[in-house]
Amino acid sequence: MTDTRETGGMIRLSAALAALVDELLPGNDDWPSGSTVGVQHAIVERLAGREGDSGLEHLAHLLDGIGAPFDGMDAQARIAAVRSLESGEPARFNWLRNAAFHAYYENPAIVALIDARGTPYRRRPHVQGYDLPKFDPATQTPTHGRGHWIRTGDVRRIDISKLDLDSKRTVKWGLER
């Protein structure tokens, strides 16, 4: 599995990646597996957009190195293979895992499943957010005794004129983020 630009190479990469995805998101009677909803395809698209052919080639090499698509391997051997990828390429593994989880929970079928269970769920909540009840100080004021809060109406301005905010240190660490 070395040349992903060939049709056969991409099919082998997709099969190997589908096997990895199913180890990360195996599914059960209530939830489909990651590969069932096409997570492997979303990962390939994201990786190709991010790193191009070289990223796909590197992924193909890594998956080939751990024996993916895990044909003939029992559950313990598959877990060991995935753990070897995680320990050998931690940054790549973290990216793959996060990309798989994002692709799974952005999938319209998974969104519909979560929504059908009575939990409002949006593919991209940052666009509209979620409806939240108005803050009720009688029931939502912290009572645990840790920390504190100040009512908005009680917030007062403080004098910062002596902080020398034009200094090099402030510009370097505070204003140029």
Side-chain angles (χ1 to χ4, degrees), residues 1-130 132 169-177:
M1 184 173 11
T2 55
D3 190 359
T4 58
R5 290 169 290 183
E6 296 176 10
T7 301
M10 281 305 298
I11 291 171
R12 286 191 304 277
L13 172 60
S14 183
L17 188 53
L20 174 66
V21 162
D22 282 347
E23 289 302 311
L24 299 173
L25 297 158
N28 59 28
D29 292 339
D30 296 325
W31 297 92
S33 70
S35 69
T36 299
V37 297
V39 167
Q40 67 276 17
H41 306 299
I43 291 173
V44 166
E45 286 180 31
R46 289 175 182 180
L47 185 60
R50 179 181 165 174
E51 298 178 19
D53 287 343
S54 65
L56 296 175
E57 293 289 332
H58 183 66
L59 179 58
H61 177 73
L62 290 174
L63 294 175
D64 194 37
I66 64 168
F70 311 129
D71 294 330
M73 294 172 79
D74 65 14
Q76 293 303 321
R78 292 190 311 268
I79 290 169
V82 174
R83 284 189 176 150
S84 73
L85 176 60
E86 181 179 22
S87 64
E89 293 267 348
R92 174 64 60 177
F93 179 82
N94 286 339
W95 186 90
L96 287 168
R97 183 195 60 224
N98 291 341
F101 290 170
H102 282 275
Y104 188 79
Y105 289 105
E106 288 175 348
N107 186 283
I110 301 304
V111 170
L113 275 172
I114 294 170
D115 228 18
R117 292 172 181 258
T119 303
Y121 187 73
R122 295 192 181 112
R123 289 176 59 200
R124 293 179 178 84
H126 60 281
V127 176
Q128 296 173 327
Y130 289 99
L132 296 174
R169 181 176 171 93
T170 301
V171 169
K172 182 176 179 185
W173 295 106
L175 299 177
E176 292 181 359
R177 294 182 189 181

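This structure is a prediction, so every number in the text was calculated from the model and none was measured.
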A.B. asks: Among residues at least two apart in sequence or on other chains, which ones pass side chain to side chain contact (heavy atoms under 4.5 Å, CB included) with Ala80?
C.D. replies: none
A.B. asks: Any side-chain heavy atom of Leu96 sitting closer than 4.5 Å to one from Ile43?
C.D. replies: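 Of all side-chain heavy-atom pairs linking Ile43 with Leu96, at least one is under 4.5 Å.
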A.B. asks: If you compare all heavy atoms of Ser84 against all heavy atoms of Ile66, which two are closest, and at what distance to 0.1 Å?
C.D. replies: OG-CG2, 3.5 Å
A.B. asks: Does anything in residues 33-46 form a salt bridge (charged side-chain N to carboxylate O under 4.0 Å, His left out)? List the pairs, not counting sequence neighbours.
C.D. replies: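 Passing the test, one end in residues 33-46: Arg46-Glu106.
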A.B. asks: Give me each pair satisfying salt bridge (charged side-chain N to carboxylate O under 4.0 Å, His left out) with a member in residues 109-119, each pair once, sequence neighbours excluded.
C.D. replies: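 Every candidate salt bridge (charged side-chain N to carboxylate O under 4.0 Å, His left out) pair involving residues 109-119 fails, so no pair, neighbours aside, qualifies.
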A.B. asks: Taking all non-hydrogen atoms of both residues into account, name the closest pair between Val37 and Ala109 and its distance.
C.D. replies: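 For Val37 versus Ala109, the nearest heavy atoms are CG1-CB, 4.4 Å.
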A.B. asks: Tell me, which pairs form a salt bridge (charged side-chain N to carboxylate O under 4.0 Å, His left out) where one or both residues lie in residues 22-32, sequence neighbours left out?
C.D. replies: Glu23-Arg78
A.B. asks: Please report the shortest heavy-atom distance between Leu24 and Phe101, naming the atom on each side.
C.D. replies: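 Leu24 and Phe101 have their closest heavy atoms at O-CE2, 4.1 Å.
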A.B. asks: Looking at every heavy atom in both Pro32 and Leu113, which two are closest together, and how far apart are they?
C.D. replies: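 Looks like CD-CD1, 3.6 Å.
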A.B. asks: Report the residues that fulfil side chain to side chain donor-acceptor pair (under 3.5 Å) with Thr36, sequence neighbours left out, ordered by chain and then residue number.
C.D. replies: Ser33
A.B. asks: Give a yes or no answer on whether the side chain of Tyr121 reaches the backbone of Tyr105 with a donor-acceptor pair at less than 3.5 Å.
C.D. replies: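 Yes: the side chain of Tyr121 pairs with the backbone of Tyr105.
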A.B. asks: With sequence neighbours left out, write down each residue that passes salt bridge (Lys or Arg N to Asp or Glu O under 4.0 Å) with Glu51, or none if nothing qualifies.
C.D. replies: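 Salt bridge (Lys or Arg N to Asp or Glu O under 4.0 Å) check on Glu51 returns Arg92.
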A.B. asks: Which atoms form the tightest heavy-atom contact between Leu62 and Glu89, and what is the distance?
C.D. replies: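 Where Leu62 meets Glu89 most closely, the heavy atoms are CD2-CG, 3.6 Å.
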A.B. asks: Please confirm whether the backbone N or O of Asn94 pairs with a side-chain atom of Asn98, one donor and one acceptor, at under 3.5 Å?
C.D. replies: yes
A.B. asks: Heavy atoms only: give me the nearest Ser35-Val21 pair and the separation to one decimal.
C.D. replies: N-CG1, 3.6 Å
